[in-house]
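Accompanying notes for the structure given below.
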Amino acid sequence: MRQSQLFTKTRKEAPADEVAKNAQLLIRAGYIHKEMAGVYAYLPLGFCVVEKIKQIVREEMNAIASQELIMTSLQRKELWERTDRWSDEMVDVWFKSELKAGGEVGFGWSHEEPIGEMLKGHLSSYKDLPISVYQFQTKLRNETRAKSGIMRGREFVMKDMYSFAADEASHVAYYEATKPAYMNVFRRVGVGDDTFVTFAAGGAFTKFSHEFQTICEAGEDVIYINREKGIAINEEVLNEETLSSLGVTKDELEMVKTAEVGNIFNFGQQKATDLGLAYKNEVGETVAPFMGSYGIGVTRLMGVLVEKFADDKGIVWPKSVAPFTVHLVGLNLEDEVVRDWVNGIYQNLIEHGIETLFDDRDARPGEKFADSDLMGMPYRVVASRKGREEGTFEVVTRATGEVRRLTEEELYADFDNDPNT
RNA sequence: CGGGGUGUAGCAUAGUGGUAGUGUACGCGGUUUGGGACCGUGUGGUCCGGGUUCGAUUCCCGGCUCCCCGACCA
């Protein structure tokens with residue numbers, strides 16, 4: 001992508017109505033646009049990041065045999081009345097509207113009820129199980145107070161997955177299998193070491209649910225962790241009973257501020273029973289399947305990455321989710337010889353399969369460097385008159401600030417040898 | 001939902017009961033070119049509705065908006 005063609009521009013100053021670092025930087029760098037409180041548009045660069053995260057999630061969900069689909073945003077009132085979750089007293093985040101043809105609809109804040117209803121048409125025998133499906137959906141939630149930029153919005157992208165199993169053993173096995181799959185996602189986006197499978201309030205069906213909590217100062221949660229024992233407990237369930245059942249004492253635990261980037265719920269058979277979802281078992285009995293629900297906050301995760309990795313100059317993307325791997329900064333482009341050479345470099349990078357943002361703008365070096373730092377691509381490759389004369393580039397690693405002078409061959413070799421790029 | 005703030009140009013800000021200023025961004029001309037350069041010039045603005053007043057961007061009332069703290073977050 002040529003930066004001169006990119007319709008977004010950077011800003012020097014952060015918007016006055018944003019305090020959250022993630023929103024300030026993402027807006028300044030041109031990744032997102034604030035439409036209203038808690039509602040953000042994803043511009044080309046931001047869209048790229050969302051898609052990269054989604055692709056990682058997709059690969060990991062596919063790897064545990066889940067099938068992608070997409071449900072609807074408009075939902076039927078009757079469905080939610082059946083489980084007593086239509087009223088605003090029971091669920092306070094509903095957006096609702098009326099059909100001109102008559103009747104009410106809800107805007108999807110969750111898809112548990114619709115997915116269960118939909119499956120009634122597809123699940124009739126034990127032979128149909130197990131089933132796991134997932135989607136990437138824009139969830140709409142009428143939060144009374146949106147905050148923290150893209151980390152707590154009224155509209156956000158979530159991956160939600162639902163599993164259905166015939167017996168408890170296979171159900172629990174699947175539930176357990178989602179944990180490493182989720183951790184793979186968090187490891188791949190760069191927060192594996194700081195993300196903990198956390199015991200949390202479980203609701204009516206099991207003692208605990210599990211949250212995936214990532215250490216992040218901008219987060220809303222507090223958890224207690226013990227890295228050696230691999231134990232993490234949400235403060236909401238931190239009590240003597242929990243501690244003794246997990247075999248730890250409170251003074252073995254470290255308190256950390258975290259953001260919830262994922263959660264998984266085990267509903268047992270209760271949810272399917274409530275939904276009226278059932279199948280025939282081997283002996284012809286009507287049985288409710290075991291059900292699980294599994295979420296990952298895609299856009300929240302993006303916000304967490306900005307919060308965790310940004311420095312005083314701007315965003316620092318992990319390679320796996322950066323919109324582009326290389327920010328090619330062309331200098332002295334007014335010189336036709338240099339310009340032709342840098343254009344050639346740009347083409348070569350593309351041909352080597354390296355995603356490249358090429359700053360071909362008619363701007364001064366300082367501005368280009370500042371923008372490059374702000375936008376946060378993993379590598380900055382500076383190609384200038386001096387570089388052409390020497391046959392080298394300045395290659396700067398954004399995360400560490402490491403500066404190297406490499407020839408074109410060395411540059412490609414470097415990328416070829418790096419499995420992450 | 002309770003409490004506290006806020007609203008002036010695309011963005012960031014100053015100021016005033018009497019023709020609204022600056023920076024940035026943008027247009028044009030020129031000088032520049034390795035860390036957001038500079039000179040000249042130009043375009044562009046008081047959240048909405050009432051009230052007080054000769055006159056309101058300013059004061060008052062209401063609404064809306066956005067932000068913060070708290071509550072909430074199956």
Side-chain angles (χ1 to χ4, degrees), chain A residues 7-20 23-24 27-30 33-40 80 83-94 108-113 139-149 151-154 156 158 160 200-206 209 211 218-221 234 236 259-260 263-267 270-271 274-275 291 293 295 297 300 312-314 329-335 338-339 359 361-375 380-388 390 393-394 396 401 403 405:
Chain A
F7 84 83
T8 54
K9 283 193 281 277
T10 60
R11 294 187 202 170
K12 283 183 191 170
E13 287 169 308
D17 66 349
E18 292 284 5
V19 171
Q24 288 194 342
I27 289 172
R28 283 187 54 209
H33 163 77
K34 183 180 201 163
E35 187 65 30
M36 53 191 263
V39 179
Y40 296 86
W80 292 90
T83 52
D84 196 24
R85 295 213 290 176
W86 175 256
S87 77
D88 294 336
E89 287 69 44
M90 298 303 292
V91 173
D92 63 3
V93 294
W94 270 120
W109 59 277
S110 162
H111 287 72
E112 285 162 2
E113 269 72 351
K139 303 292 185 190
L140 302 168
R141 295 188 183 181
N142 204 340
E143 296 278 358
T144 48
R145 185 181 166 205
K147 60 174 183 173
S148 305
M151 291 174 66
R152 172 89 184 261
R154 296 196 167 94
F156 57 94
M158 175 182 251
D160 48 322
F205 312 108
T206 51
S209 71
E211 295 172 341
E220 294 185 297
D221 293 326
N234 192 309
E236 69 191 9
E260 182 185 347
N263 56 25
I264 57 178
F265 292 95
N266 176 354
F267 289 134
Q270 188 61 49
K271 191 80 191 175
D274 293 346
L275 294 170
M291 182 173 170
S293 161
R300 174 180 285 181
D312 56 350
K313 291 178 179 167
V329 174
L331 301 182
N332 315 118
L333 300 179
E334 70 285 352
D335 181 332
V338 178
R339 187 172 68 234
D359 191 346
R361 297 173 303 164
D362 178 22
R364 293 167 61 89
E367 185 179 349
K368 293 192 176 193
F369 292 145
D371 278 350
S372 175
D373 288 335
L374 176 61
M375 294 165 84
R380 179 164 82 219
V381 174
V382 184
S384 64
R385 177 183 291 121
K386 180 179 154 201
R388 194 193 76 88
E390 296 178 356
F393 314 97
E394 181 181 275
V396 183
V403 181
R405 287 211 76 90

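The model shown is predicted, which means the values in this text are computed figures rather than measured ones. The basis for the numbers below is simple: all heavy atoms, side chains too, and nothing from hydrogens, waters or symmetry mates. Letters A, B, ... are given to chains in the order of the sequence lines, protein chains preceding strands, and every chain is numbered from 1.
- Only the C1' atoms considered, B:U65 is 13 Å distant from B:G5, to the nearest whole Å.
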Any protein N or O atoms within reach of nucleotides 21-23 of chain B? Criterion: under 3.5 Å, listing atom names and distances.
{"unit_1": "B:G23", "atom_1": "N2", "unit_2": "A:Glu13", "atom_2": "OE1", "d": "3.3"}

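- The nearest whole Å value for the distance from the CZ atom in A:Arg388 to the C1' atom in B:G34 is 18 Å.
- For A:Glu143 and B:G70, the CD to C1' distance is 15 Å, given to the nearest whole Å.
- Partners of A:Arg388 under the side chain to side chain contact (heavy atoms under 4.5 Å, CB included) rule, at least two apart in sequence or in another chain, are A:Val337, A:Trp341.
- No engagement by A:Arg385 is indicated, since no non-hydrogen atom pair under 4.0 Å with the nucleic acid exists.
- Under the side chain to side chain contact (heavy atoms under 4.5 Å, CB included) criterion, A:Glu367 pairs with A:Arg361, A:Ala363, A:Asp371, sequence neighbours left out.
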Pull out every protein N or O sitting under 3.5 Å from an N or O of nucleotides 36-45 of chain B, one pair per line with the distance.
{"unit_1": "B:G36", "atom_1": "O2'", "unit_2": "A:Lys12", "atom_2": "NZ", "d": "2.7"}
{"unit_1": "B:G36", "atom_1": "O6", "unit_2": "A:Arg28", "atom_2": "NH2", "d": "3.2"}
{"unit_1": "B:G36", "atom_1": "N1", "unit_2": "A:Asp371", "atom_2": "OD1", "d": "2.8"}
{"unit_1": "B:G36", "atom_1": "N2", "unit_2": "A:Asp371", "atom_2": "OD1", "d": "2.8"}
{"unit_1": "B:G36", "atom_1": "N2", "unit_2": "A:Asp371", "atom_2": "OD2", "d": "3.2"}
{"unit_1": "B:A37", "atom_1": "OP2", "unit_2": "A:Arg364", "atom_2": "NE", "d": "3.3"}

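- B:G50 and B:A56 are spaced 13 Å apart, taking the C1' atom of each and rounding to whole Å.
- The separation between A:Gln24 atom CD and B:C67 atom C1' is 12 Å, rounded to whole Å.
- In this view, A:Asp160 and A:Lys139 satisfy the salt bridge (Lys or Arg N to Asp or Glu O under 4.0 Å) rule, not counting sequence neighbours.
- Across all strands, A:Trp109 comes closer than 4.0 Å to base atoms (heavy-atom distances).
- A sub-4.0 Å separation between OP1 or OP2 of B:C73 and a side-chain N or O of A:Arg145 is absent.
- Look at CZ on A:Arg380: it is 11 Å from P on B:G35, rounded to the nearest Å.
- Atom P of nucleotide B:C73 and atom CG of A:Asp88 are separated by 15 Å, given to the nearest angstrom.
- Residues A:Glu390 and A:Arg405 have side chains in contact (heavy-atom distance under 4.5 Å, counting atoms from C-beta outward).
- Remark: the separation of the C1' atoms in B:C68 and B:U31 is 47 Å, to the nearest Å.
- Counting non-hydrogen atoms under 4.0 angstrom, A:Val93 reaches nothing in the nucleic acid.
- Panel note: side chain A:Lys368, backbone A:Asp359; a donor-acceptor pair is recorded below 3.5 Å.
- On the C1' atoms, B:U58 is 30 Å away from B:C26, given to the nearest whole Å.
- Only the P atoms considered, B:G35 is 28 Å distant from B:U41, to the nearest whole Å.
- The gap from the C1' atom of B:C48 to that of B:U33 amounts to 48 Å, rounded to the nearest Å.
- Donor-acceptor pairing under 3.5 Å, judged by distance alone, is present between the side chain of A:Arg152 and the base of B:C72.
- In terms of modelled atom types and a separation under 3.5 Å, the side chain of A:Asp373 and the main chain of A:Lys313 share no donor-acceptor contact.
- Proximity of a side-chain donor or acceptor of A:Glu236 to a complementary backbone N or O of A:Ala201 within less than 3.5 Å is detected.
- For RNA chain B, runs of at least 3 consecutive pairs of the Watson-Crick or G-U wobble type, with both hydrogen-bonding distances under 3.5 angstrom, map to B:1-5 with B:66-70, B:10-13 with B:21-24, B:26-31 with B:37-42, B:47-51 with B:59-63.
- Two residues, A:Ala14 and A:Asp92, neighbour RNA chain B, and the one matched to the more 5' nucleotide by heavy-atom proximity is A:Ala14.
- Under the 4.5 Å side-chain criterion, counting only non-hydrogen atoms from C-beta, A:His33 is not in contact with A:Ile27.
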Check the interface with nucleotides 63-66 of chain B: list each N/O to N/O pair with the protein under 3.5 Å, or write none.
{"unit_1": "B:C66", "atom_1": "OP1", "unit_2": "A:Ala37", "atom_2": "N", "d": "3.1"}
{"unit_1": "B:C66", "atom_1": "O3'", "unit_2": "A:Lys34", "atom_2": "NZ", "d": "3.2"}

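- Across all strands shown, A:Glu334 has no heavy atoms under 4.0 Å from either base or sugar-phosphate atoms.
- Taking the side chain as every heavy atom from C-beta outward, A:Leu140 and A:Trp109 never approach each other to under 4.5 Å.
- In terms of polar N and O atoms assigned as donor or acceptor, the side chain of A:Ser110 never comes within less than 3.5 Å of the base of B:A74 in a complementary pairing.
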For this session: Show your working on side chain to side chain contact (heavy atoms under 4.5 Å, CB included) between A:Phe267 and A:Glu112 and close with a plain yes or no.
Result: CA-CA 11 Å; A:Phe267 289 134; A:Glu112 285 162 2; 3.4 Å; yes
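- To the nearest whole angstrom, the two P atoms, one in B:A12 and one in B:G63, are 26 Å apart.
- Summary of the strand contacts: A:Lys147 and A:Ser293 both lie near RNA chain B, and taking for each the nucleotide with the nearest heavy atom, the more 5' one is attributed to A:Lys147.
- B:G4 and B:U43: their C1' atoms are spaced 39 Å apart (whole Å).
- Here the C1' atom of nucleotide B:A74 and the CD atom of A:Glu260 are 12 Å apart, to the nearest Å.
- In terms of the side chain to side chain contact (heavy atoms under 4.5 Å, CB included) criterion, residue partners of A:Asn263 (sequence neighbours excluded) are, by chain and number, A:Glu211, A:Glu260, A:Phe265.
- In this structure, A:Glu394 has no salt bridge (Lys or Arg N to Asp or Glu O under 4.0 Å) partners at least two apart in sequence or on a different chain.
- Between the side chain of A:Arg11 and the main chain of A:Arg28, no donor-acceptor pair closer than 3.5 Å is present.
- Whole-Å rounding puts the A:Glu211 CD to B:C73 P distance at 12 Å.
- Picking from B:G35, B:U33, B:C73 the nucleotide with the shortest atom distance to the side chain of A:Asp373 gives B:G35.
- Residues satisfying the side-chain hydrogen bond (donor to acceptor under 3.5 Å, both in side chains) criterion with A:Ser87, sequence neighbours excluded, are absent altogether.
- Legend: residues meeting salt bridge (Lys or Arg N to Asp or Glu O under 4.0 Å) with A:Arg154, ordered by chain and number and at least two apart, are absent.
- In this structure, A:Asp362 places its CG atom 11 Å from C1' of B:U32, rounding to the nearest Å.
- Take A:Trp86 and apply the ring pair (Phe, Tyr, Trp, His ring centres under 6.0 Å) test, not counting sequence neighbours, and it matches A:Trp94.
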